[in-house]
Protein chains: 2
Amino acid sequence: MGRWEPDARGRMLGAAMELFTERGYEQTTAGDIAERAGVTERTFFRHFSDKREVLFAGTEVMQQAVADAIAGAAAEATPLDAALAGMRAFGEVLEERREHAVRRSRIVAANPALQERELLKLAAMTDLAADGLRARGVDDLVASLAAQSAVAAFHVAFARWLADEAARPFGEILDEADAALRALR
Amino acid sequence: MGRWEPDARGRMLGAAMELFTERGYEQTTAGDIAERAGVTERTFFRHFSDKREVLFAGTEVMQQAVADAIAGAAAEATPLDAALAGMRAFGEVLEERREHAVRRSRIVAANPALQERELLKLAAMTDLAADGLRARGVDDLVASLAAQSAVAAFHVAFARWLADEAARPFGEILDEADAALRALR
DNA sequence: CCATCAATGTCAGTTACTGACATCGACGGT
DNA sequence: ACCGTCGATGTCAGTAACTGACATTGATGG
């Protein structure tokens with residue numbers, strides 16, 4: 001047994017969600033989160049590069065899922081098909097944590113600073129997708145545009161999935177966005 | 001004549017560009033900018049809501065140009081056509097300030113915090129474009145996707161325009177991105 | 001000549017972070 | 001059983017981004 005209670009990181013993640021929900025993001029200091037988690041503020045910043053990052057932990061899992069899906073897409077898939085396969089994989093990860101995703105997105109929606117960070121993560125996903133397409137031999141310009149288009153469809157579908165009263169599966173909503181995207185002239 | 005030298009804002013904008021170029025964004029404090037501009041730090045924060053904003057002044061002009069172009073697009077233009085017309089108008093404003101855009105983007109490229117802000121502004125543009133399309137009677141989902149696609153094309157074209165050795169006009173590069181976008185399957 | 005107003009200055013305070021150094025328990029080697 | 005190292009945490013001081021409250025001053029209209 002360690003000198004301290006185990007899973008400090010997990011406790012901070014939980015404390016942050018609680019406090020952000022209770023008082024809001026801006027009304028919560030990094031010290032507040034650390035205190036509730038039973039650590040010091042310094043430890044908080046050792047685990048998370050900044051205060052916002054506590055809401056964006058675990059993106060690596062998503063990124064891996066996306067990268068794998070793109071790399072593993074059928075050889076005859078078009079660039080857009082492959083990129084969208086990545087977004088579908090992303091959606092599957094989300095589906096497993098729907099409740100968490102909803103609560104989290106409420107917090108993010110209330111804060112421009114958090115929206116910025118979300119956009120940055122989405123941009124990282126776009127770059128990842130474009131890299132994946134280039135690795136499949138797709139031309140540079142086409143890779144960038146297919147990646148951006150796929151992420152655009154994801155973004156729109158994600159917002160609709162969150163707002164959906166009927167709790168329809170993400171894949172279904174993404175399919176609609178996909179169809180509408182391809183129908184654009 | 002005022003109590004102070006006129007155009008404090010303009011002096012701060014200039015001082016910021018100079019200092020960011022000389023030492024970099026992070027090595028420049030808000031106080032440094034204020035000092036070079038001959039004002040106090042407090043005045044800096046009265047003109048710019050935060051340190052990053054000094055690099056994003058004047059986006060209202062762009063936004064107006066985009067909104068006007070979308071509203072003024074031919075009635076028979078498709079949603080994507082109209083949204084891209086907005087991006088073309090954006091490009092024209094950029095073209096007038098190419099030198100400034102290049103220097104500015106170098107600073108932004110060197111800083112994740114500034115990239116975040118740029119993404120937020122781009123997202124605001126996307127929302128603006130989507131609003132413009134909806135005002136034309138375009139369906140909600142289609143408006144969102146057309147706006148996102150157009151901004152995606154803009155984004156890719158902008159990066160290529162900045163990197164272009166031959167200094168080709170933005171409109172030409174945007175046309176290529178447009179064509180590649182529509183060719184996606 | 002005076003009241004008002006807008007832009008700035010002054011100053012104190014909070015909070016997000018960072019660097020340097022100390023502490024302590026686990027663990028492997030001897 | 002002892003020791004040296006190591007990883008995770010604590011402690012503390014410091015910087016810089018903001019914010020609120022209040023004072024100052026020159027222009028301006030009456």
Side-chain angles (χ1 to χ4, degrees), chain A residues 1-57 107-108 110-118 120-121, chain B residues 1-57 107-108 110-118 120-121:
Chain A
M1 185 169 47
R3 177 181 176 190
W4 303 273
E5 293 300 310
D7 197 24
R9 182 188 177 86
R11 276 177 357 249
M12 289 189 275
L13 287 171
M17 283 293 292
E18 288 175 18
L19 288 165
F20 291 165
T21 303
E22 290 170 18
R23 329 176 181 165
Y25 174 79
E26 291 187 345
Q27 280 61 50
T28 304
T29 72
D32 292 337
I33 299 170
E35 190 183 7
R36 181 165 299 194
V39 295
T40 62
E41 189 186 340
R42 191 66 180 87
T43 291
F44 177 87
F45 285 112
R46 281 204 182 92
H47 283 267
F48 307 102
S49 60
D50 62 48
K51 189 182 157 190
R52 306 179 204 172
E53 277 301 301
V54 72
L55 270 174
F56 296 86
I107 298 168
V108 172
N111 231 284
L114 294 173
Q115 291 163 40
E116 282 191 337
R117 182 56 51 83
E118 183 132 287
L120 191 66
K121 299 291 184 184
Chain B
M1 184 170 46
R3 177 182 176 191
W4 303 274
E5 293 300 308
D7 196 24
R9 183 188 177 86
R11 267 161 24 233
M12 288 190 276
L13 288 170
M17 282 294 292
E18 287 176 18
L19 288 165
F20 292 165
T21 303
E22 289 170 19
R23 329 177 181 164
Y25 174 79
E26 291 187 345
Q27 280 61 51
T28 304
T29 73
D32 292 338
I33 299 170
E35 190 182 6
R36 181 165 299 196
V39 295
T40 63
E41 189 186 342
R42 190 67 180 85
T43 290
F44 177 88
F45 285 113
R46 281 204 182 93
H47 283 267
F48 307 103
S49 60
D50 63 47
K51 188 182 157 190
R52 305 180 204 171
E53 277 301 303
V54 73
L55 271 174
F56 296 86
I107 298 169
V108 172
N111 256 287
L114 295 172
Q115 291 163 40
E116 282 190 335
R117 182 55 51 85
E118 183 133 286
L120 191 67
K121 298 291 184 185

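A, B, ... follow the sequence lines: proteins, then strands. Residue 1 opens every chain.
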To the nearest angstrom, the CG-P distance between B:Asp50 and C:dT14 comes to 22 Å
With distance as the sole test, does A:Asp7 use its side chain to make a donor-acceptor pair with the main-chain N or O of A:Gly10 at under 3.5 Å? yes
Here the distance between atom P of D:dA17 and atom CG of B:Asn111, to the nearest Å, is 12 Å
All heavy atoms of A:Leu19 vs all of A:Thr28, minimum pair found to be O-OG1, 3.5 Å
Rounded to whole Å, the CG-C1' distance (B:Asp32 to D:dC18) equals 16 Å
Could you pull out the protein-nucleic contacts involving nucleotides 8-12 of chain D (nitrogen or oxygen on both sides, under 3.5 Å)?
residue : atom : partner : partner atom : Å
D:dT9   : OP2  : A:His47 : NE2          : 2.8
D:dG10  : OP2  : A:Thr40 : N            : 3.0
D:dG10  : OP2  : A:Thr40 : OG1          : 2.9
D:dG10  : OP2  : A:Thr43 : OG1          : 2.4
D:dG10  : N7   : A:Arg46 : NH1          : 3.3
D:dG10  : O6   : A:Arg46 : NH2          : 2.5

B:Glu35 atom CD is separated from D:dA17 atom P, nearest whole Å, by 13 Å
note: A:Lys51, atom NZ; D:dC18, atom C1'; distance rounded to Å ~ 13 Å
*asked:* Closer than 4.0 angstrom, basic N to acidic O: yes or no for A:Arg36 and A:Glu18?
replied: yes
B:Glu26 atom CD is separated from C:dC17 atom C1', nearest whole Å, by 12 Å
Would you call B:Arg52-B:Glu118 a salt bridge at under 4.0 Å N-O? no
When every non-hydrogen atom of B:Tyr25 is compared with those of B:Asn111, the smallest separation belongs to CB-ND2, 3.3 Å
Rounded to whole Å, CG of A:Leu114 lies from C1' of C:dA16 at a distance of 14 Å
When rounded to whole Å, the CZ to C1' distance for the pair B:Phe44 and D:dT19 reads 15 Å
Can you tell me if A:Glu35 has over 12 outside heavy atoms packed within less than 6.0 Å of its CD?
no
